[in-house]
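Taking it in order: structure first as structure tokens, then the write-up.
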Amino acid sequence: VLLHDEVKQAFTEHRSVVCHDAKPFMRSLMADGIDLSFLTLDTAIAAYLINPSKSSYSLASVCGEFLGAEPTGSMESDGTFDFGGTDISAQSCAEAAVFVSRLAPVVLAGLADIHNESLYADIENPLVHVLAKMESAGIAVDTAALLSIKDRLTAETQELTQLLHSIAGKTFNVNSPTQLREILYTDRGLAPGKKTKTGFSTDAATLEKLHDQWPEFIGPLLRYREVEKLRSTYGEGLLHEIAPDGRIHATFNQTVARTGRLSSDQPNLHNIPVRSDEGKVFRTAFVAPKGCSLLVADYNQIELRCIAHLANDPGLISAFAAGEDIHNATAARVFGVALGEVTADQRSKAKMVSYGLAYGMEAYGLSQRLSIGVDEASVILKAYFEAFPNVKKYMDDAIVEARRTGYTETLFGRRRQIPELLSDNFRVRQAGERQAMNAAIQGLAADIFKIALVRIDKLLTEKDFLSRVVLQVHDEVIVEVPDSEKEVVGPLILDTMRGAADLSVPFEVNAAWGDTWASAKG
DNA sequence: GCATGATCC
DNA sequence: CCGGCTGATCATGCA
């Protein structure tokens with residue numbers, strides 16, 4: 001049995017630690033006051049860079065792929081360090097260690113083959129420690145505020161349930177699409193919209209179309225859906241995740257998203273509502289502790305800027321360089337009007353096209369977003385590509401190149417294989433084309449953001465600031481800053497984010513201070 | 001365990 | 001003509 005001090009010495013003084021999925025382990029050691037800061041290789045993350053599309057990066061599956069053999073140990077590690085381990089766990093840990101040591105040179109060679117050494121060493125590897133610290137810090141939550149939000153929502157769902165039962169003339173489970181189908185399409189005899197695998201759809205888009213045929217029922221039903229989602233996922237869900245220290249410690253996954261982005265679970269803090277005022281209130285429950293403020297800093301239009309750079313499109317580049325309202329500038333070009341003559345409708349359409357671009361948009365998707373016909377959407381899309389011809393060329397080239405090589409690559413060398421491009425199935429192939437257009441864009445944004453995160457942490461650590469990054473949402477960081485450090489730390493963070501990469505367009509970073517995540521968001 | 005429908009970027 | 005937007009996570013119902 002190892003003593004604490006020996007463990008501490010081993011992990012803190014050994015200059016080269018190789019590990020498979022180091023973060024949970026790091027976080028567990030952190031709780032015991034041990035800082036594993038000399039990670040040199042995480043074989044799970046290396047395997048992810050080599051192919052980010054796998055469904056699992058467990059030690060067994062990675063060994064199976066790279067070594068053709070798997071550990072036999074029955075105990076799968078939960079990543080925590082067990083000071084009082086049994087003989088059985090000691091045996092399987094030892095076996096796992098042997099496998100990791102065999103794996104290391106193989107995945108290193110794999111990284112070298114695809115020229116990912118610096119992507120790994122400069123970005124992904126240091127990020128492990130940064131994320132472990134972020135998870136371990138967690139974000140402070142105002143439990144009372146969260147409870148009162150949840151109670152209000154619960155009361156409203158109960159009222160709405162009563163109302164819907166009385167209008168339908170019977171009691172039923174409002175959460176059941178099956179029972180809703182019966183009421184809408186059988187009892188009431190509404191003309192069904194689109195179908196799902198199991199029957200007629202009852203999703204929000206379908207209900208909106210049916211609204212005028214039975215407004216007194218569908219109105220409250222849509223409202224119920226909205227409120228119930230907020231109550232269950234965010235009200236109940238977040239309350240369950242508050243740790244004894246009054247903070248939420250989510251997990252940030254580094255090997256899940258195929259584009260290179262991070263994901264968050266337990267709980268997912270990447271989809272806390274922001275669009276509706278009603279949902280946004282949950283952000284008031286994420287707070288700064290006494291004596292601190294939250295700095296919320298996010299990249300403005302980072303994906304569009306990536307497109308401008310990658311496509312080398314003069315129109316987009318000059319609009320960004322001039323600091324113009326990008327949707328207004330886009331609309332002016334697309335609809336052929338002067339900057340001052342753009343209507344709200346034109347701007348909103350241009351905005352939707354811009355959002356869709358990063359998703360590998362086609363006319364159908366745009367038509368759904370804008371609630372217009374596919375033919376009208378095609379006209380807008382055509383006008384867009386005529387106004388920004390390099391963007392069109394970039395998208396076409398991305399597909400051709402991905403089909404030729406089998407993968408796409410970001411500026412920093414992050415790869416994503418797209419075998420779907422060779423599928424016989426039209427639908428699958430077209431999904432592959434969208435991925436080919438999207439991957440280098442979203443992936444580059446992810447690379448840049450990860451660089452910023454690593455640099456921000458390095459800066460705060462090296463200069464012994466008490467400020468710490470507590471949350472990250474794709475293009476946004478939330479930093480808990482003691483009031484005494486606000487003046488110094490604020491500008492440092494913004495400068496770091498702006499300087500994370502050197503593209504042909506400048507980065508713009510929006511920043512706001514607040515006592516809660518909500519008040520910080522303009 | 002899969003399907004549906006919600007949230008976010 | 002097909003048939004549906006990138007990437008995620010979670011709650012709930014239903015077989």
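Per chain, numbering begins at 1; letters A, B, ... match sequence-line order. Computed from a predicted model, the values in this text were never measured in an experiment.
- A close approach under 4.0 Å does not occur between any side-chain nitrogen or oxygen of A:R223 and OP1 or OP2 of B:dA6.
- Of the N and O atoms on the side chains of A:Y394 and A:N312, not one donor lies less than 3.5 Å from an acceptor on the other residue.
- Residue A:K197 places at least one side-chain N or O under 4.0 Å from the OP1 or OP2 atom of B:dA3.
- If you measure from atom CZ of A:R258 to atom C1' of C:dC5, you get 14 Å, rounded to the nearest angstrom.
- Remark: P of B:dA6 and CD of A:E278 are 16 Å apart, rounded to the nearest angstrom.
- Of the candidate nucleotides C:dT6, B:dC8, C:dT9, C:dT9 has the atom nearest to the side chain of A:D265.
- Here the separation of B:dT4 from C:dC5, taken at their P atoms, is 13 Å to the nearest Å.
- Phosphate proximity of B:dC9 to A:R275: present, with a side-chain N or O under 4.0 Å from OP1 or OP2.
- Using a 3.5 Å distance cut-off with no hydrogens or angles, the side chains of A:T206 and A:D203 do pair a donor with an acceptor.
- For the pair A:N268 and C:dA8, the criterion of a side-chain N or O lying under 4.0 Å from OP1 or OP2 is not met.
- The CD atom of A:Q442 sits 12 Å away from the C1' atom of C:dC5 (whole-angstrom rounding).
- Among the nucleotides C:dG3, B:dT7, C:dT12, the one closest to any side-chain atom of A:R427 is C:dG3.
- Side-chain nitrogen and oxygen atoms of A:R416 include at least one within less than 4.0 Å of the OP1 or OP2 phosphate oxygen of C:dG7.
- Judged by atom type and distance alone, A:Q179 does not reach the base of C:dG13 through any side-chain donor-acceptor pair under 3.5 Å.
- Remark: A:S263 is in phosphate contact with C:dT9, judged by side-chain N or O atoms under 4.0 Å from OP1 or OP2.
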Discussion item. Could you walk me through whether A:R468 and A:S136 satisfy the side-chain hydrogen bond (donor to acceptor under 3.5 Å, both in side chains) test, starting with their C-alpha distance in whole Å, then the side-chain angles of each, then the deciding distance to 0.1 Å, before giving a yes or no?
Written reply: CA-CA 11 Å; A:R468 51 190 184 166; A:S136 166; over 6 Å; no
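- Judged by centroid separation below 5.5 Å and plane tilt below 30°, A:Y359 stacks onto the base of C:dT6.
- Heavy atoms of A:A358 sit nowhere under 4.0 angstrom from any nucleic acid atom.
- For A:N300 (side chain) and A:V509 (main-chain N/O), no donor-acceptor pair under 3.5 Å exists by modelled atom type.
- Nucleotides B:dG5 and C:dG4, compared at atom P, are 13 Å apart to the nearest Å.
- Side-chain nitrogen and oxygen atoms of A:S201 include at least one within less than 4.0 Å of the OP1 or OP2 phosphate oxygen of B:dG5.
- Rounded to whole Å, atom P of C:dA8 lies 14 Å from atom CZ of A:R434.
- The side chain of A:D203 sits closest to B:dA6 out of C:dT9, B:dA6, C:dC5.
- OP1 and OP2 of B:dG5 both lie 4.0 Å or more from every side-chain N or O belonging to A:R225.
- No engagement by A:I441 is indicated, since no non-hydrogen atom pair under 4.0 Å with the nucleic acid exists.
- Counting atom types as modelled, A:R261 pairs a side-chain N or O with a base atom of B:dC9 as donor and acceptor under 3.5 Å.
- Nearest to the side chain of A:R369, among C:dA11, C:dC5, C:dG13, sits C:dC5.
- Atom CD1 in A:I478 sits about 11 Å away from atom P in B:dC9, given to the nearest Å.
- For B:dT4, one of the phosphate oxygens OP1 or OP2 lies less than 4.0 angstrom from a side-chain nitrogen or oxygen of A:T196.
- Using a 4.0 Å cut-off between charged side-chain N and carboxylate O, A:E420 and A:R258 make no salt bridge.
- In this structure, the CD atom of A:Q430 is 14 Å from the C1' atom of C:dT6, given to the nearest Å.
- Between A:T178 and C:dC14 there is a side-chain polar atom (N or O) within less than 4.0 angstrom of OP1 or OP2.
- Listed pair A:Q435 / C:dG7 meets the phosphate criterion, a side-chain N or O lying under 4.0 Å from OP1 or OP2.
- Out of B:dC9, C:dG13, B:dT7, the shortest distance to the side chain of A:H474 is found at B:dC9.
- Counting heavy atoms from C-beta outward, A:L207 and A:W214 have side chains that stay 4.5 Å or more apart.
- A:Y57 and A:Y48 have perpendicular rings, their planes meeting at more than 60° on a 0 to 90° scale where under 30° would count as parallel.
- In this structure, the aromatic ring of A:F426 is positioned over the six-membered ring of the base of C:dC2, centres within 5.5 Å and planes within 30°.
- Here B:dT4 presents its P atom at 13 Å from CZ of A:F200, a figure rounded to the nearest Å.
- C:dT6 and B:dG1: their C1' atoms are spaced 26 Å apart (whole Å).
- For C:dC10, neither phosphate oxygen OP1 nor OP2 lies less than 4.0 angstrom from any side-chain nitrogen or oxygen of A:N271.
- Between A:W517 atom CH2 and B:dC8 atom P the separation is 11 Å, expressed in whole Å.
- Note on A:R231: every side-chain N or O is 4.0 Å or more away from OP1 and OP2 of C:dA11.
- Nucleic acid contact class of A:A431 (heavy atoms, under 4.0 Å, all strands): none.
- Checking B:dA3, B:dG5, C:dG13 against the side-chain heavy atoms of A:N175 singles out C:dG13 as nearest.
- Checking A:N438 against A:Y359 by side-chain atom types alone, no donor-acceptor pair falls below 3.5 Å.
- Look at A:T202 and you won't find any side-chain N or O under 4.0 angstrom from OP1 or OP2 of B:dT4.
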